[in-house]
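No hydrogens, no waters, no symmetry mates; every other heavy atom, side chains included, goes into these values.
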Amino acid sequence: MRIQYLDRDTRQNLLDQLLKRSPSQYGEYEKAVGEILEHVKEEGDSALFAYTEKFDGVHMDAKSVRVTEEEIEEAYRLVDPKLLAVIRKALGNIEDYHAKQRQYSWFDSKPDGTMLGQKVTPLQRVGVYVPGGKAVYPSCVLMNIIPAKVAGVEEVVMATPPGRDGKVTANTLVAAKEAGADVIYKAGGAQAIGALAYGTHSIPKVDKIVGPGNIYVALAKKAVYGHVSIDAVAGPSEILVIADETANPRYVAADLLSQAEHDELASSILVTTSETLAHQVSRQIDLFLKELSRSEIIRKSLDQYGYILVADSMEEAIEAANDIASEHLEIQTKDPYDVMTKIRNAGAIFIGEYTCEPLGDYFAGPNHVLPTNGTARFFSPLSVDDFIKKSSIIAYSQNALEAVHEDIERFAEAEQLTAHANSIKVRFSQEDI
């Protein structure tokens with residue numbers, strides 16, 4: 001794994017390189033995605049089923065596109081009982097964590113006759129997209145559905161591509177049932193995003209679409225934003241580890257590789273103040289690569305977007321981490337809590353050598369749907385907040401408005417909005433209608 005000394009040029013070159021991973025950089029796919037979405041919008045089910053047959057090799061119709069209770073029951077028979085027990089433990093942790101994020105309506109009345117407030121309302125229908133095909137991610141199912149259910153969403157609709165046998169993998173179905181999905185559809189790719197955004201005879205239009213996917217799914221979500229809300233346009237996975245001379249090189253190497261195995265565009269970065277640790281981690285990565293099953297993908301990921309950066313000081317390492325704004329940030333230093341207080345930009349922060357990234361992916365409770373490609377500078381992890389909307393509440397009595405009506409009229413007239421001013425004046429004029 002390449003080792004570089006951290007300076008201004010190194011940092012800028014790294015940031016430029018990482019930006020190449022953004023879905024926004026893959027414009028050559030946009031035309032194909034646009035055509036798929038237009039066909040689904042105009043032709044509904046017929047386009048959806050035609051694309052399912054073309055891309056997934058499965059014939060679907062209005063009856064078979066929806067997962068049946070019998071299919072879910074079959075899935076429970078196929079799932080390893082030990083895995084089911086783990087899913088239920090993880091579900092409990094995720095639910096407990098997100099329950100603390102609930103927001104409630106509030107109202108503030110005053111003796112002068114004014115009442116202000118905020119009404120919190122769950123979204124009515126949410127679409128959750130879950131990747132399929134070779135990928136089987138029951139953890140994604142839990143992380144996307146549970147906060148929606150905690151928020152009080154009335155109907156959670158899940159879409160996921162079928163396998164060649166026309167079925168959804170058992171692990172995915174069981175996780176969806178456990179998490180509380182109300183209905184599951186066998187639909188994937190940009191065509192599924194189109195169906196959720198525009199609605200078809202078989203699949204209802206939703207208010208918001210969340211969940212990860214390939215470049216076609218990411219660009220489709222970007223394209224339908226405005227017709228519906230979306231969580232974010234997710235890019236490839238990434239991890240950054242801040243470490244000093246006290247870190248265990250085996251742990252650091254293992255954690256870097258845990259993200260590199262996702263795909264060839266994943267990014268794994270170590271920023272350390274110890275040159276000795278840098279070389280130890282690099283050697284340990286070479287040893288692990290001889291053992292790991294996805295070593296070919298990992299090598300390509302590390303060759304393109306893997307870095308070990310040696311910083312002169314911990315302050316410089318922290319500054320680099322804030323510039324990169326990584327999806328996952330691990331802190332393996334002598335005083336990790338002190339470092340944590342200086343981190344401004346990160347999707348999720350993992351503190352200490354026994355808090356490895358997969359703990360967050362699967363089990364701890366915080367959401368693993370995180371901002372990528374530097375968007376942690378202004379985005380947050382998926383949460384209950386993503387599944388609610390807020391309405392402002394305003395109520396003034398006659399006496400309350402009378403006390404301030406001249407102030408409001410003066411403000412409106414200063415903006416030359418005389419109809420605004422008149423809306424106030426008529427309530428206190430003596431003229432008959």
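Residues T10 and D7 bring a donor and an acceptor atom of their side chains to less than 3.5 Å of each other. Looking only at atom types and distance, the side chain of Q259 has a donor-acceptor partner in the side chain of E357 under 3.5 Å away. E238 and Y305 are not linked by any side-chain donor-acceptor pair at a separation below 3.5 angstrom, with hydrogens and angles left out of the test. Side chains of H39 and Y51: a donor on one and an acceptor on the other come within 3.5 Å.
Residue pairs meeting the salt bridge (Lys or Arg N to Asp or Glu O under 4.0 Å) criterion with at least one member in residues 369-386, sequence neighbours excluded, are K208-D386. Sorted by first and then second residue, the salt bridge (Lys or Arg N to Asp or Glu O under 4.0 Å) pairs involving residues 297-307 (not counting sequence neighbours) are E264-K300, E296-K300. The salt bridge (Lys or Arg N to Asp or Glu O under 4.0 Å) pairs that include a residue from residues 31-48 number zero, where partners must be two or more places apart or lie in different chains.
Atom OH of Y76 sits in a crowded spot, with more than 12 heavy atoms from other residues, nucleotides or ligands closer than 6.0 Å.
Counting only heavy atoms from C-beta outward, the side chains of R102 and V150 approach each other to under 4.5 Å. Under the 4.5 Å side-chain criterion, counting only non-hydrogen atoms from C-beta, V174 is not in contact with I72. Looking at heavy atoms from C-beta onward, R2 lies out of side-chain contact with I308 at the 4.5 angstrom threshold. Considering only heavy atoms from C-beta on, I285 comes within 4.5 Å of L256 through its side chain. The shortest distance between side-chain heavy atoms of L289 and I298 falls below 4.5 Å.
Relative orientation of the Y137 and H262 rings is tilted, given thresholds of 30° and 60° on the angle between their planes. Taking the six-membered ring where the residue is Trp, H328 and F350 present tilted rings, their angle falling between 30° and 60°.
Side chain of D244 to backbone of K334: a donor-acceptor contact under 3.5 angstrom is found. When atom types are taken as modelled, the side chain of T200 and the backbone of G44 share no donor-acceptor pair closer than 3.5 angstrom. Between the side chain of E53 and the main chain of A50, no donor-acceptor pair closer than 3.5 Å is present. Of the possible donor and acceptor atoms, one in the side chain of N93 sits under 3.5 Å from a partner among the backbone N and O of F363. For the pair S313 (side chain) and E316 (backbone), a donor-acceptor distance under 3.5 Å is present. Put simply, the side chain of T160 gets close to the backbone of V130: a donor and an acceptor are under 3.5 Å apart. Using modelled atom types, no side-chain atom of D56 and backbone atom of V58 make a donor-acceptor pair closer than 3.5 Å. No donor-acceptor pair closer than 3.5 Å links the side chain of R66 to the backbone N or O of Y185. Under a 3.5 Å cut-off, the side chain of Q4 and the backbone N or O of L309 do not form any donor-acceptor pair. When atom types are taken as modelled, the side chain of N322 and the backbone of N345 share a donor-acceptor pair closer than 3.5 angstrom.
Between E330 and the options D255, I349, L240, a side chain to side chain contact (heavy atoms under 4.5 Å, CB included) holds for only D255. Shown are V224, V157, V128; of these, the side chain to side chain contact (heavy atoms under 4.5 Å, CB included) with L196 is made only by V157.
The pair E154-R125 fails the salt-bridge criterion, with no side-chain N (NZ, NE, NH1 or NH2) lying under 4.0 Å from an Asp/Glu carboxylate O. A salt bridge is defined here as a Lys NZ or Arg NE, NH1 or NH2 lying under 4.0 Å from an Asp or Glu carboxylate O, and E319 with K342 fails to meet this definition. Under 4.0 Å is where a charged nitrogen must lie from a carboxylate oxygen, and between K389 and D207 no such pair does. At a threshold of 4.0 Å, the pair D182-K149 counts as salt-bridged, since one of the basic side-chain nitrogens sits closer than that to a carboxylate oxygen.
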Exercise for the section: Take Q12 and D16, measure what side-chain hydrogen bond (donor to acceptor under 3.5 Å, both in side chains) needs, and give me the verdict at the end. Expected result: CA-CA 6 Å; Q12 188 57 53; D16 291 343; 3.0 Å; yes

Problem - Candidate pair E327 and S237, rule side-chain hydrogen bond (donor to acceptor under 3.5 Å, both in side chains), full reasoning - result: CA-CA 7 Å; E327 177 188 19; S237 188; 3.2 Å; yes

Exercise for the section: Check the pair T121 / K119 against side-chain hydrogen bond (donor to acceptor under 3.5 Å, both in side chains), numbers first and verdict last. Expected result: CA-CA 6 Å; T121 307; K119 183 176 183 291; 3.1 Å; yes

Practice task
For the pair D338 and M340, evaluate side-chain contact (heavy atoms from CB on, under 4.5 Å) and give the outcome as yes or no after the intermediate values.
Solution key: CA-CA 5 Å; D338 179 65; M340 180 271 292; over 6 Å; no

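The NZ atom of K221 sits 12.5 Å away from atom OH of Y225, with the distance rounded to the nearest 0.5 Å. Atom CZ of residue F387 and atom CG of residue D231 lie 7.5 Å apart, to the nearest 0.5 angstrom. Taking NZ of K177 as the reference point, atom CD of E73 lies at 8.5 Å (rounded to 0.5 Å).
Aromatic ring centres of H227 and Y198: separated by under 6.0 Å.
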